[in-house]
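Throughout, protein chains are lettered first and strands after them, A, B, ... in sequence-line order, and every chain is numbered starting at 1.
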Number of protein chains: 2
Amino acid sequence: MTPATATRTLSTAEQRRAELLEAAVPVFAERGYHAAPTMAIAKAAGISQAYLFRLFPTKAELFAAVTGIASERMLATFREAAARARAAGADPLEAMGQAYGDLLERDRDVLLVQLHSQVAAGAEPLIREAMRRCFRDLYELVARESGAGSQDLQAWFAHGMLCNVMAAIGADALDETWARALTGEEGETE
Amino acid sequence: MTPATATRTLSTAEQRRAELLEAAVPVFAERGYHAAPTMAIAKAAGISQAYLFRLFPTKAELFAAVTGIASERMLATFREAAARARAAGADPLEAMGQAYGDLLERDRDVLLVQLHSQVAAGAEPLIREAMRRCFRDLYELVARESGAGSQDLQAWFAHGMLCNVMAAIGADALDETWARALTGEEGETE
DNA sequence: GCAATGTGTGATTGGTCACTCACTACCGGG
DNA sequence: CCCGGTAGTGAGTGACCAATCACACATTGC
């Protein structure tokens, strides 16, 4: 299998799997779990649909893996933001919140996959597992990096969820009272 | 059309439409917009699939109407809770938060429809419209009844969104640190 | 050189689903 | 009594989609 020349980290199949996953992210992000056809995903990855099913035996497994990718992107963002904040002597929790806001604008796919995973979790056990892992890792990281109490953490996560929903319905593009109040960066008091 | 005997509030077609809507709520709640077949909805309502499409020309329109129903159920709950709180001299905002928690346990469908609507809003303009209306009405009502500032309102809605997500992934049934912290009733400090 | 193993595909298949059409049954008014 | 409109349906239709299968091409160890 692995050739004698020791340093071979990925077999080509694993490489393909990784590529497929990356290509699947935007497709699932745009159309959701049910509405995204495996054909479109395979095409985006530049492989045949048949081979997609060899790399991931079911669509649910593929989607669960994509959920994991989105989770990892968030984790990486938070880790980095916290490190930078600590170096600058700023509040890590606030920095991570800021970083999440930026991430939502920069990498819309992460948000959308997150959202789609939440609903798909209701019906597909594999996806529910992936989502729970996602929250567990996120909570652990944010708690450790920030040192905040559970009450602050709850409020922090709650704010993140509100950001998700507001982004999903495009509230940031609206000029109505409720939309400005709920998307606002918790600054203005009235 | 309407017969001479003045007081005829609903034509039978409107009646059927209302019945269909009520029947559609649990089906959409359980399976989501894409995965819920119109056939199953029609069966639940006791009508033929063909007639369903006469009452609502497209599936998206039907789902948008269901979103509206969920919205109305929430509005009614909040109105009632606020009235009771005001009568008892309690804080209306807190009472409405409590009422939302109760509603999520009593009427799971409302939560699930809410969640499914959020994601479907990304792709279906009709559903996006319905969701925006939902948030507008909700925000207006809660703001009026509570008299709270926009910052408190934002936090209140954020907490509601977190409740939704935690319920969706069944976090309340887990015995892990993160799950207890994020589903907790903002009481315990550590 | 050749078997074995792994990478990759085209064609299909069985099933489902939104939506349509042609049609029947009823009901109130003239 | 019949006529127009409304309630209601059975039987499709075309499109799409997850998953399968049989088969080809490359690489490698022997």
Can you list everything that forms a side chain to side chain contact (heavy atoms under 4.5 Å, CB included) with V119(A)? Sequence neighbours excluded, please. L115(B), H116(B), V119(B)
To the nearest angstrom, the CD-P distance between Q15(A) and dT7(C) comes to 11 Å
List in chain and number order the residues that pass salt bridge (Lys or Arg N to Asp or Glu O under 4.0 Å) with E19(A), two or more places apart in sequence or in another chain; answer none if no residue qualifies. R16(A)
N164(A): partners by side-chain hydrogen bond (donor to acceptor under 3.5 Å, both in side chains), with sequence neighbours left out: Y100(A)
E176(A): what forms a salt bridge (Lys or Arg N to Asp or Glu O under 4.0 Å) with it, not counting sequence neighbours? R136(B)
Let me know the distance between OH of Y51(A) and C1' of dA24(D), rounded to the nearest Å. 14 Å
Walk along nucleotides 12-19 of chain C from 5' to 3' and tag each nucleotide B, S or - by protein heavy-atom contact under 4.0 Å, base first, then sugar-phosphate. -----SBB
To the nearest Å, give me how far apart CG (L20(A)) and P (dG8(C)) are. 11 Å
Could I get the full list of side chain to side chain contact (heavy atoms under 4.5 Å, CB included) partners for A155(A), not counting sequence neighbours? none
If I take atom CD in residue E14(B) and atom P in nucleotide dG8(D), what distance separates them, rounded to the nearest angstrom? 13 Å
Figure out the CZ/C1' separation between F63(A) and dA18(D), and round it to whole Å. 16 Å
At less than 4.0 Å, is any side-chain N or O atom of S48(B) found next to OP1 or OP2 of dG8(D)? Yes or no. no
With respect to I69(B), which candidate in L21(B), D109(B), V110(B) satisfies the side-chain contact (heavy atoms from CB on, under 4.5 Å) definition? L21(B)
In a table with atom names and distances, give each donor-acceptor pair under 3.5 Å that connects a side chain of residues 76-87 of chain A to protein atoms at least two apart or in another chain.
residue: T77(A); atom: OG1; partner: R73(A); partner atom: O; Å: 2.8
residue: E80(A); atom: OE2; partner: R84(A); partner atom: NH1; Å: 3.4
residue: R86(A); atom: NH1; partner: E145(A); partner atom: OE1; Å: 2.8
residue: R86(A); atom: NH2; partner: E145(A); partner atom: OE1; Å: 3.4

Using nucleotides 23-25 of chain C, report all nitrogen or oxygen pairs with the protein that are shorter than 3.5 Å.
none

In numerical order, the residues of residues 114-131 of chain B whose heavy atoms come under 4.0 Å of DNA chain C are none
Side-chain donor-acceptor distances from residues 45-53 of chain A under 3.5 Å, at least two apart:
residue: S48(A); atom: OG; partner: Y51(A); partner atom: N; Å: 3.1
residue: Q49(A); atom: NE2; partner: T38(A); partner atom: OG1; Å: 2.9

Measure CG/L55(A) against P/dT20(D) and give the value in whole Å, please. 14 Å
Among all residues two or more places apart in sequence or in another chain, which pass the side chain to side chain contact (heavy atoms under 4.5 Å, CB included) test with D137(B)? L75(B)
Specify the closest pair of heavy atoms between A179(A) and L174(A), including all atoms of both residues, with the distance to one decimal. CB-CB, 3.9 Å
Side-chain donor/acceptor pairs under 3.5 Å, residues 122-134 of chain B, sequence neighbours excluded:
residue: R128(B); atom: NH1; partner: A121(B); partner atom: O; Å: 2.9
residue: R128(B); atom: NH1; partner: G122(B); partner atom: O; Å: 3.3
residue: R132(B); atom: NE; partner: I169(A); partner atom: O; Å: 3.0
residue: R132(B); atom: NH2; partner: I169(A); partner atom: O; Å: 3.1
residue: R132(B); atom: NH2; partner: G170(A); partner atom: O; Å: 3.3

Between CG of L52(A) and P of dG10(C) the distance, given in whole Å, is 14 Å
